[in-house]
Structures are given as structure tokens and as C-alpha cells.
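Please read the structure below before turning to the comments.
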Amino acid sequence: MTTKITPLSPLFGARLEGVDLRADRSPATMALVERTLDQYAVIALPGQFLDDDEQLAVSELLGDLSRALNPGRAKTQATRLRAELYDISNLDENHGILAEEDRRRQWRESDKLWHTDRSFINAETSYSLLSARVVPPEGGDTGFADMRAVYDDLSDEIKQRIANLRAEHSVWYSRALCGGKDFRDDELAAMPPVSQPLVRVHPRTGRKSIVLASHASHIVGWPRAEGRNFLDELNAMALQPKYRFYYKWSAGDLVIWDNRCTMHRGSHFDDKAYKRDMRRTTVQGPSKYATNAAAE
Ligand code: OGA
Ligand code: MN
């Protein structure tokens, strides 16, 4: 099958066609996927129609699976999906649309803030793979922003200022921004705040990115208000339209993004009328397809 790469925006993002990850997860195909990610940072593979096992198999070649807490549930509620799958749907454990008062709605709301997955966890989080199982007839596009391009365009003065700074990231900070409250002690204890550098060098490409996310509350070691203002200023720069695009989903799409150099956000759809069943896997550490092949 011949493959075709079509850019999704002038700066980054591409559609990769002619790859069937259900049938072919060979080292050569996975290397093509990762090379395309190195260049474009976000890739959409249409028509994959992966089931859970297939999505996990693809993901495991790109790194170590992280486990989802699928938080926001009341203590008695079961998860809809197994622990390696992040449930990005508006559905409850019986696959029905979440009740209006269901606490899990808070989590989907805060996905609409620009963020990086798991920046609030101390791990080398790399790719997220989001698979569209059921999509609403309109809305629910996902926005992406290129943090490499943003870094490149910063003034030398700002580059110097941020070179050695760290920000505190907490999932509870971003949840609270969206009206989340009454977090339980067990939830708070499961995900304490961490600090992350403001500048990250990509381990594969050597390119620098600015690390921002709605989870970042303030600059470590600075008076809180000053750090907050500085982060707001950096976010305003980073989220200019020229650095972003929105992806319109079709059922069967698999979109992979590199959390080390992008931000993303969800957007509105009529989530009381329509189902949106999206399942995410997220990996950390180096990819494994090459070493797996060598060991065979
Ligand atoms: C995610 C996420 C946004 C969306 O899957 O991590 O933020 O559009 N998704 O569903
Ligand atoms: Mn996300």
C-alpha cells in the first residue's frame, strides 16, 4: 500500500493515509508513524476502526502504557473501560449518556482548557492515542497547538528568562478552574502536584518546546501572583491562531499526538443529546517496536 502524508495546517499536524494498523504493526510501519510524528507532532490516521485490544497493541509499541484513573467517579461507580484506557466519552458505565449531575462531567469540561496530558504526573509521558468510536454529528473537534513553533518565536529575552524556570502542575488546579470542587482525600492523594521545566528538549528531534498547560498554576520559587501573570502572558502568546488548528473527527479515526511538544483541547458538542465515545491510551518512555524486533 502506498502511503500519503497531507499537512493539516501550515505549521504542524498531518493526515497519514495508506497505513492499516489492524493488519500491519511491523517495525517499518511503526517507524514511519514515529518519523511522521517527529516532523508533524500530531497525526491523524483515518479509517483504522481499532478495537480496545488493537489500540493497546499499537500503543505498547510506542512506549509503556500508563494506567488511567478515570477519575471523577463517585466511589461506588465502576469504570466503563479497563484501566489502560482513558475514558474520554460522555458515557457512564452502562454506556448511556452521563446524567446531568454526574460528577464525571467536570472532567470532560476541563479537557476543554488547553493542556498537555499527564503533565501533572512525574513521568516521561510521550504520546496519546485517541480513537474515535462514536462521534456526534457536529461539534467536538479537538484543537492542537505547536509548542515548538511557539518556543522558536519567543524573544531571546524570554528564552533566557524561562531557561531554568519550573512551574507547578496539578490536575486539581485545572479542575478547579472549571468549577470542580469537593475533591476527596483519596483523589487528592492519588495525584499530588509536581514541578515541570518551562523548556523541554525533545529526546528524538532535539527541538525545544515551551511547556505550558492548564494544569500549571504558578512558577516555582516566585511570588504566586507574579508567576500566574507570567504564565498567562506566555499562554496568550502560545495560543495565537497561527499556532493552532482544529481536527474534525470521523468514526474510525486514530489521532496520535506528542505531548512533549504540543497542547490540545476538546470543544463543545451537544453532550446531552449525542454520544461521543473516544478512548485514549497514553504512553511514556521510548518507543519499543525497534527493540522488540531485534529481540525476536
Ligand atoms: C484527551 C483530550 C479532547 C477531546 O483525550 O486527552 O483532551 O476532544 N481530548 O476529546
Ligand atoms: Mn487531553
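All figures in this text were calculated on a predicted structure; none of them were measured in a lab. Just so you know, ligand 1 is whichever comes first in the structure, and atom 1 is the first atom listed for that ligand.
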So, Ser59 and Tyr127: side-chain donor and acceptor under 3.5 Å apart, yes or no? no
Kindly state whether the ring of [X] and the ring of [Y] have centres lying under 6.0 angstrom apart.
{"X": "Tyr173", "Y": "His215", "result": "no"}
{"X": "Phe144", "Y": "Phe245", "result": "yes"}
{"X": "Trp222", "Y": "Phe230", "result": "yes"}

Note down each nitrogen or oxygen pair, ligand 1 side and protein side, whose separation is under 3.5 Å; give only atom names and the distance to 0.1 Å.
unit_1	atom_1	unit_2	atom_2	d
ligand 1	6 (O)	Asp117	OD1	3.1
ligand 1	6 (O)	Asp117	OD2	3.3
ligand 1	6 (O)	His264	NE2	3.3
ligand 1	6 (O)	Arg280	NH1	2.6
ligand 1	7 (O)	His115	NE2	3.1
ligand 1	7 (O)	His264	NE2	3.1
ligand 1	8 (O)	Thr142	OG1	2.6
ligand 1	8 (O)	Arg276	NH2	3.0
ligand 1	10 (O)	Arg276	NH1	2.8
ligand 1	10 (O)	Arg276	NH2	3.3

Counting only heavy atoms not in Glu124, do more than 12 sit closer than 6.0 Å to its CD atom?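 It does not: Glu124 CD has 12 such atoms or fewer within range.
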How about Asp232: does its CG atom have over 12 heavy atoms from other parts shown lying under 6.0 Å from it? yes
Is Leu239 reachable from Ile162 through a run of I, L, V, M, F, W or Y residues, each pair having side-chain heavy atoms under 4.5 Å apart?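 Ile162 clusters together with Leu239.
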Residue and atom names of protein N/O/S atoms that fall under 2.8 Å from the Mn ion (ligand 2): His115 NE2, Asp117 OD1, His264 NE2
Could you list the donor-acceptor pairs under 3.5 angstrom formed between side-chain atoms of residues 175-183 and any protein atom two or more places apart in sequence or on another chain?
unit_1	atom_1	unit_2	atom_2	d
Arg175	NE	Ser110	OG	3.1

Which other residues end up in the same hydrophobic cluster as Leu91, if Ile, Leu, Val, Met, Phe, Trp and Tyr are linked when side-chain heavy atoms come under 4.5 Å apart?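 Ile97, which link up through side-chain heavy atoms under 4.5 Å apart, make up the rest of the cluster.
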